[in-house]
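One structure is given here, and the rest of the page talks about it.
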Amino acid sequence: MTRLPAGGRIDRSRTLRFSVDGIELTGHPGDTLASALLANGRIEVGPSIYRDRPRGIVTADGTEPNALVQVLSGGPEPMVPATALELHDGLQVASLSGVGWLSAAPDPAVYDKKYVHADVVVVGAGPAGIAAALAAGRSGARVLLVEQGRELGGALLDGAERIDGRSAGEWIARAVREFVDMPEMRVLTRAAAVGHYDHNYLLVAERRGNRQRLWHVRAQRVVLATGAHERPMVFADNDRPGIMLASAVRTYLKRFAVLPGRDAVVVTTSDSAYLTAADLAAAGAQVRAVVDTRPEPPQRLVDLANSLGAQVFTGSAVIGTTGDRRITSARIRGVEGAGTPVDVECDLLAVCGGWNPAVQLFSQAGGALRWDRLVAGFVPEQEAGRPKVIGAARGTYDLAGCLAQGLAAGAEAATASGFRIAAPPVPPVAGDRPVSAPRPVWLVPGESGEPAEWTRHFVDLQRDATVADVWRAIGAGMRSVEHVKRYTTIGTGSDQGKTSGVNAIGLIAEALGAESPGEIGTTTFRPPHSPVSFALLAGRDRGVLHDPVRTTPMHSWHVAHGAEFEDVGQWKRPRYYPLQGEDMAAAVHRECLAARTGVAMQDVSTLGRIEVVGPDAPEFLNRVYTNAFAKLRVGKARYGVMCRADGMVLDDGVSMRLAEDRYLMSTTTGGAAAVLEWLEEWLQTEWPHLAVHCTSVTEQWAAVAVVGPDSRAVVGRLAPDLDVSNEAFGFLEFRETVLGNGIPARISRISFSGELAYEVNVASWYGLALWEAVREAGQDFGITPFGTETMHVLRAEKGFVIVGQDTDGTVTPLDLGMDWVVSKRKDFIGKRSFARPDTARADRKQLVGLLPVDPGELLPEGAHLVEPDVPLTPPVPMLGHVTSSYRSAILERAFAMALVRGGRGRIGEVLHVPVDGRRIPVEVTDPVFYDVEGARRDGR
């Protein structure tokens, strides 16, 4: 192995220093780590994962099964193929045996996400992809060209073909210049399309040095020009260092000016490896033999090999190799076992077992595959609604055919996107040769042909899986390729079987006597197509940004006035406001009394708010909520409960009808995102015909609840133009007004405390001004800020539930005693489930109140309830559990709410709550403890 004195696409004017396992080496810009290692005479990369066998570099792209490294410098990253890692100054890596490790060191790399739309996305920038992008781009369409390598061109970078009278390199450069001049063209290099999802949604992972970006792309049309992967051959000891794919050898020669070996043997099933033999000879290597599995390969190729001084073996294959740390010879014999084996000395064995069209993305998009005998590979079945596949990805290996398909596909995609254009004429090509049929050989028997040899016939190098493993799986009764994959682990490595999958399918077909691998089928191709780090998937959504802290516009006031906070969802909500010397119990006692006897105020800006807009909005809410909303009058509000399809409570809240076609829905603070997702799911999957749009507006509003007997007077001062009397402003009504300080506001009569209460809503940027205005308006009433803990006490005294605290996903509105909120006339999500025998059982858990016999005994939330005479030796039959438990200032005692089996039928009974080895007796009561008649809601 050596660096050639000239050639390649590297920058010899600069030298880069890097280290592998602490050993410092040098390379040049344009090198990959693998090419630099080869240039430094290192082909061995580490022992195999299970068998500790020496392994070397096999490929020149991201399909590499052996040369995986742990990047130590920059952003630490495990399991990176050395063949796809661009060399840079100061790069430090550790070789590994297929097992990486996560670093505890901080990752300085930057990971971003970007969301774009395109009319046409072309994946792959070989000749077919470039042609497609040119045709589509000339139409004026928005075109995104995605290429995994650092340069455009693909296989053209390795050949000597001419296009339109120019060298391939000149043709590529001309195309690049044209792309630059197209205003709607975007070219991404070093970017891998890793996922193809429904409706032409793609994920593209782009690497920019120490920065990575994940592109989320929505396209009207997708053209896949993803090329093909060369596959190895399965023979004895086919894993020695120095055994490389023929196309990889050619790439190292042409792009990196690296000669991987001086004495070479080339073994092939098709035409392409003869070009590798010619390039090796041109670089100064001795091509000792060309071994072709075909009995009668094209004579022009045989003549070419002879002209190189190589001995040509037709109808033959390599049956084994020798060597310790590197191959030293290849043993050759007829494919059918005829003839005497011949040993040929070599330090490089270039292997071409055929080509696999890269159909992974097409398959991810739901495309079907079929086995093509002429291609000897799985090719896509082109059908409407699937991406267009062109070039080598559909088994077209001649240059003229690739260009023709690319130009036609690009024009077709642009036209289908609304940019009509005819396909440009196909330029003339030179240096392109006809492709003759291959002869795939799935298994080359060893010297003796005995089963003991199959343990050294490697199918998956990364998993150390052999033919013996495949035979064992089939002997165990496996017939499906999916089952064999899991039994043997073939194809489960980071390369996802790109170098092993089709060989394994061929072996299974032979073992089962199938006519072709097409009868066996393929495994399922799942994203990501190439390995993607979790850090890239997360982007900047990590650390403090992973769970961002959300605060209301009044947050600075709360902090300045000593509020203690609790996390509700992502929100920081004041839990209570302690005065000097107060603990939480004392502060909550004071705040509760203020709300019950005077006036108090709470920041309720965190409640979820969703605008539901459209002519079908009334019908939509009628289906979503258990009670009716279609006939709700404009200017009115209504409390509603929504259920899952199984009839269990999902969320609740008050919705206002702002106009005939517009509602403002409120949700619980922690449930806002889930509710919006729920609404969108039904609109998009079940009722797409409904003309409705849902928009989260939580961040657009700030709100203050003014609560207590004196709240009417405070709100009257705050909004002097508004008549706040009971007669003019009824419960569950709202008014648009202007506050005394000139702030536009929407005020509603809503109460979560059972007291007379108002909710004042303003645009979020007025939030702090609103809070201070309410505080000033209620100053002489002794208005008291209160937090979530007081809110919980107040609502529990009235028997109002909090979804997620007093419910647990197994509770219906009927279990909560909320029959009044469930319509018997209309349909809604979950209604059918109420007819199930299970939801009608009398012994279902139902919401009840609990009063400890000792009024000072505070029950732990989550504590279980048992019958008084039940022994506490396991197993103990549990009747239910405590959902909420507080001390009440107005009741002057402790109380609780609970879900109890057959609870409403137990009212008046005494049950026990086991706590710390003792039993606390509690009386089961109605869950409404205070103001049973509800008179205080209207200030009476």
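Fair warning: this is a prediction, and the values are worked out from it, not measured in the lab.
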_Quick check on side chain to side chain donor-acceptor pair (under 3.5 Å): which of R795, E797, E789 does Y886 satisfy it with?_
R795

*Determine the minimum heavy-atom distance between H558 and F565, stating which atoms define it.*
CB-CZ, 3.6 Å

_From OG1 (T883) to CG (L847), nearest 0.5 Å_ = 6.0 Å

*Supply the atom-to-atom distance Y576 OH to M791 CE, rounded to the nearest 0.5 angstrom.*
15.5 Å

_As an exercise, state the distance from CG of D652 to CD1 of I802, rounded to the nearest 0.5 Å._
9.0 Å

*Closest heavy-atom pair and its distance - V866, P877*: CG1-O, 3.8 Å

*Over all heavy atoms of both residues, which pair between A702 and S605 is shortest? Give the atoms and the distance, please.*
CA-OG, 3.4 Å

*asked:* Closer than 3.5 angstrom, by distance alone: can the side chain of S666 be matched with the main-chain N or O of V654 as a donor-acceptor pair?
replied: yes

*Look at atom NE2 of H546 and say whether more than 12 heavy atoms of other residues, nucleotides or ligands are closer to it than 6.0 Å.*
no

_Beyond-backbone contact of M601 with R775, side-chain heavy atoms, under 4.5 angstrom_ = yes

*Heavy atoms only: give me the nearest V697-I610 pair and the separation to one decimal.*
CG2-N, 4.3 Å

_Quick one about E755 and S711 (side-chain donor to acceptor, distance below 3.5 Å, no hydrogens or angles considered), yes or no?_
no

_Between R573 and T606, a side-chain donor and acceptor under 3.5 Å_ = yes

*Quick check: are there more than 12 heavy atoms from other residues, nucleotides or ligands sitting under 6.0 Å from CZ of R832?*
no

*Within the distance-only criterion (no hydrogens, no angle test), does the side chain of R644 pair as donor or acceptor with the backbone N or O of G809 below 3.5 angstrom?*
yes

_Steps toward side chain to side chain contact (heavy atoms under 4.5 Å, CB included) verdict (I783, V774)_ = CA-CA 9 Å; I783 193 167; V774 172; 3.8 Å; yes

*Using the six-membered ring of Y758, assess whether NZ or CZ of R749 lies under 6.0 Å from its centre and within 45 degrees of the ring axis.*
yes

*Donor-acceptor pair, T626 side chain versus V821 backbone, under 3.5 Å?*
yes

*Does the R590 side chain pair with the main chain of Y577, one donor and one acceptor, at a distance under 3.5 Å?*
yes

*Under 30°, 30 to 60°, or over 60°: which ring-plane class applies to H561 and W557, parallel, tilted or perpendicular?*
parallel

*Quick one: pull up CD in E759 and CH2 in W701 and give me the separation to the nearest 0.5 Å.*
10.5 Å

*Main-chain N/O of M584 paired to R575 side chain as donor or acceptor, under 3.5 Å*: no

*Keeping to residues at least two apart or across chains, list the side-chain hydrogen bond (donor to acceptor under 3.5 Å, both in side chains) pairs with something in residues 902-917.*
E867-R906, R906-E909, H912-R919

_Please find the pair of heavy atoms, one from A705 and one from V604, that lie closest to each other, and give the distance._
N-CG2, 3.8 Å

*Show your reasoning for whether side chain to side chain contact (heavy atoms under 4.5 Å, CB included) applies to L851 and F929.*
CA-CA 9 Å; L851 289 177; F929 299 94; 3.8 Å; yes

*Nearest-0.5 Å distance that lies between atom CZ in R841 and atom CZ in R836*: 10.0 Å

*Check the surroundings of atom CD in E892: do more than 12 heavy atoms from other residues, nucleotides or ligands lie under 6.0 Å from it?*
no

*Please answer whether the main-chain N or O of G708 pairs with a side-chain N or O of R936 as donor and acceptor at a distance below 3.5 Å.*
no

*For P813 against F834, the heavy-atom pair lying closest together*: CD-CZ, 3.7 Å

_side chain to side chain contact (heavy atoms under 4.5 Å, CB included) assessment of V915 paired with L859_ = CA-CA 8 Å; V915 176; L859 302 177; 5.7 Å; no

*Do S888 and Y930 have a side chain donor and acceptor closer than 3.5 Å?*
no

*Going by atom types alone, do D603 and T552 pair a side-chain donor with an acceptor below 3.5 Å?*
yes

*Can you tell me if R712 uses its side chain to pair, donor with acceptor, with the backbone of V724 under 3.5 Å?*
yes

*Is the backbone N or O of R844 less than 3.5 Å from a side-chain atom of D815, with the two atoms forming a donor-acceptor pair by type?*
no

*Any donor-acceptor pair under 3.5 Å from D651 side chain to T668 backbone*: yes

_Audit row: T790, Q602, side chain to side chain contact (heavy atoms under 4.5 Å, CB included) steps and yes/no_ = CA-CA 10 Å; T790 292; Q602 185 185 24; over 6 Å; no

_Could you check whether R623 makes a cation-pi contact with W687, meaning its NZ or CZ is under 6.0 Å from the centre of the six-membered ring and within 45° of the ring axis?_
yes

_Any donor-acceptor N or O pair under 3.5 Å, side chains D806, S884_ = yes

*State the NE2-CG distance between H555 and L768, to the nearest 0.5 angstrom.*
12.0 Å

*Hey, does the side chain of E582 reach the backbone of L579 with a donor-acceptor pair shorter than 3.5 angstrom?*
yes

